[in-house]
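Right, one structure below, let's go through it.
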There are 2 protein chains.
Amino acid sequence: MLEATLNEAATLKRLLDAVKELVQDANFECNEGGINLQAMDNSHVALVAVKLHADGFALYRCDRPIPLGVNLGSLTKVLKCAKDDDKCTLKANDDADVLSLKYEAHRGDRIAEYDMKLMDIDADTLGIPDTDYDARVTMTAAEFTRIVRDLSSLGESVRIEVSKEGVRFASDGEAAQGNILLKQTDAARERYENYGKDDEGDDDDDDDVVEVKQEDDEKPKKVKKEKVKKEEGVEDEDEEMASGDDEAEFKAKSEDEEEEVSESEKKKRKRPAASSSNSKAKKKAKKAVDDSAEGGGGGVHIEMTQHVSLTFSLKYLVNFSKSASLSDTVQLMLKNEVPLLVSYTFGQGYIRYYLAPKIGDD
Amino acid sequence: MLEATLNEAATLKRLLDAVKELVQDANFECNEGGINLQAMDNSHVALVAVKLHADGFALYRCDRPIPLGVNLGSLTKVLKCAKDDDKCTLKANDDADVLSLKYEAHRGDRIAEYDMKLMDIDADTLGIPDTDYDARVTMTAAEFTRIVRDLSSLGESVRIEVSKEGVRFASDGEAAQGNILLKQTDAARERYENYGKDDEGDDDDDDDVVEVKQEDDEKPKKVKKEKVKKEEGVEDEDEEMASGDDEAEFKAKSEDEEEEVSESEKKKRKRPAASSSNSKAKKKAKKAVDDSAEGGGGGVHIEMTQHVSLTFSLKYLVNFSKSASLSDTVQLMLKNEVPLLVSYTFGQGYIRYYLAPKIGDD
DNA sequence: TATACCCTAG
DNA sequence: CTAGGGTATA
């Protein structure tokens, strides 16, 4: 028996927007910790992982783990019937053959109820590698969206290169080639210095992190050659990655293993959504965050242990960037030869995309 | 070697918006005076001429004339990657096989560079007839846009009729016929009395111009039967106009003749952008100009030596009217049997369209 | 498949 | 009022 109430149906709508193009069907794994979704796209090049913390719900109850096999197209249709600010209650029985959605206007004078058929989906629970990334790039979600959309009009793929100088996105196309360099700025560094840190749990206190300051390119301040650690809350089995023809692929485990809620996850859930990324508080947060910079808050914050350069399909990145509606900020985690992690964290949880690099590039 | 910097990439973007649908490829003729573009549409019914004055650029350097053969589709794509307020620098070597565009955010934390392949384009430099038009109609660009868009939903073509009464746009369609009469108003006359005059050069001092005042239809004030002169800054060879099946056509010269910077052009460039049509100053200019009229500044200003009535394809006019983003004001120059000139003048230069009339109409 | 127009959302 | 997404068309 699952019963979960979201104060804003918009959260779900926005989540689905980005995911539904990647995968058609997916299991919403519900347990006491919240709701998780993990799925690969059909070509096994991209993986999406969504987490909605139980305590992000106005009401949450899940007696025992239930996988809800959802056709995302159907769910999108049903969610379209909700107004953005409707209170939204999900209900499913243990046999999980139907998902009931109830939309209530906050004034209480309107109640809509929908029942959606569920399906059995082979649990392709993926092992998400627990990677020690070499670079973490934090920037505004809007800027990331803009960049990948711009470049996608030129070419198929983008090379992302992180150096002390900044991060460079470069694409080659028939008609033109282009590259965008985002420099690290003090404003961005201050803005994002602690972004995502309290999300991560144990290590990654600021001393371990390599701070690359823009102005003294040759002697970055706090270089301690530890890796930029991340992803403690995720199982790290099946680290090997099968290489496809052109792009590496994720390999499905096809086992019914629940992603258990780790200690760090629990810690994360205690965080009082302080990271300025709640959808409601968006404008205000953005404004507050841009104390020194105006309009969009340019510049990036970079933490890195070594120079990385990888090439990715822009089609996927454009898709990922749709999640900008969920958070003002996006983080890119990179390491040569391994999948890129694109992470949007919002008050209620996160959505993370993993994208295998194109091979034979850098 | 060309190097030219625009303070706002938006200028180029807007220029391209209107031109790219008319022609696919065109030469940007760069010389010390600035950048010129001249091209016919595929059917040779319309001709577009763009001028960007050298001193309208924040920085301009062109050692010797270079024709940049540009695929406008590609350039549009590349320009899409610029934010409207980006500083935009164009660079090309003398061999002109690549055009480099650099976009810099004004904050400086974002630099994008694009290289676009250039191509050799047969220089179809057109002889633009130096026409003594019989009527000059000055109106707000927005009103013109509105009119041609309205009428284009009714029919294929519009008859434009200029009389002392005003200017009438009339279209016949299957379902309905409609016509719009814009009367000359004192407000419009005052507003536009000197519009374009300092752009034009030698003659056209106000005494030579036929002022048609609306209120005393039967005895217009200063009728001196000189022609309304125009287009001194343009070569006037190949005046003959070949007539096509339905519409007259422009005839290409197919010679590599540079449009040289005439004396009147040079005078024009000294003009301190006083004509209230800089893209930046748009809202303010419009407001200042609307002292007596509200919302868009209705009414037209008409100068004419004789009644004209011509019919044009609305499709083209709708296309031309996209240039309204460049200037608040548009001028129509008409003379029976010869192409209409639709002219938008903005701080940086102008864009002019010539459209052959439909034959067998009036 | 790419482009243009329309519509909706911010 | 502008921009982005979707749809429809070429």
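In what follows, chains are A, B, ... by sequence order, proteins preceding strands, each numbered from 1.
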Quick check: B:Tyr114 with B:Tyr103 (ring centres under 6.0 Å apart)?
yes

Name all residues meeting the side chain to side chain donor-acceptor pair (under 3.5 Å) criterion together with B:Asp41; count only those two or more places apart in sequence or in a different chain, and write none if there are none.
B:Ser43, B:Tyr316

Given atom CG of B:Asn71 and atom C1' of C:dT3, what is their separation to the nearest angstrom?
14 Å

State whether A:Arg146 places a side-chain N or O below 4.0 Å from either non-bridging phosphate oxygen (OP1 or OP2) of D:dA3.
no

How many Å lie between CG on A:Asp17 and P on D:dG4, as a whole number?
16 Å

Qualifying residues under salt bridge (charged side-chain N to carboxylate O under 4.0 Å, His left out), relative to A:Asp84, sequence neighbours excluded
A:Lys13

Is it true that atom CG of B:Asp120 has more than 12 heavy atoms of other residues, nucleotides or ligands lying nearer than 6.0 Å?
no

In whole Å, what is the span from the CG atom of B:Leu22 to the P atom of C:dT3?
17 Å

Nearest to the side chain of B:Lys20 - C:dC5, C:dT3, C:dA4?
C:dA4

To the nearest angstrom, the NZ-P distance between A:Lys77 and D:dG6 comes to 15 Å

Contacts of type side chain to side chain contact (heavy atoms under 4.5 Å, CB included), residue B:Arg146, not counting sequence neighbours
B:Asp150

Partners passing salt bridge (charged side-chain N to carboxylate O under 4.0 Å, His left out) against B:Asp172 (at least two apart in sequence or in another chain)
none

Pairs under 3.5 angstrom, nitrogen or oxygen only, protein versus nucleotides 7-10 of chain D, please.
none

Using whole Å, what does the distance between atom C1' of nucleotide C:dA4 and atom NZ of B:Lys322 come to?
7 Å

Partner set under side chain to side chain contact (heavy atoms under 4.5 Å, CB included) for A:Ala175, not counting sequence neighbours
B:Ser74

What's the NZ-C1' distance between A:Lys83 and C:dG10, to the nearest Å?
16 Å

For A:Asp84 and for B:Glu21, find the nucleotide of DNA chain C with the closest heavy atom, then tell me which residue's nucleotide is more 5'.
B:Glu21

Name the closest nucleotide to the A:Arg149 side chain, picking from C:dT3, D:dG5, C:dA4.
D:dG5

What is the distance, to the nearest angstrom, from the NZ atom on B:Lys13 to the P atom on D:dA3?
8 Å

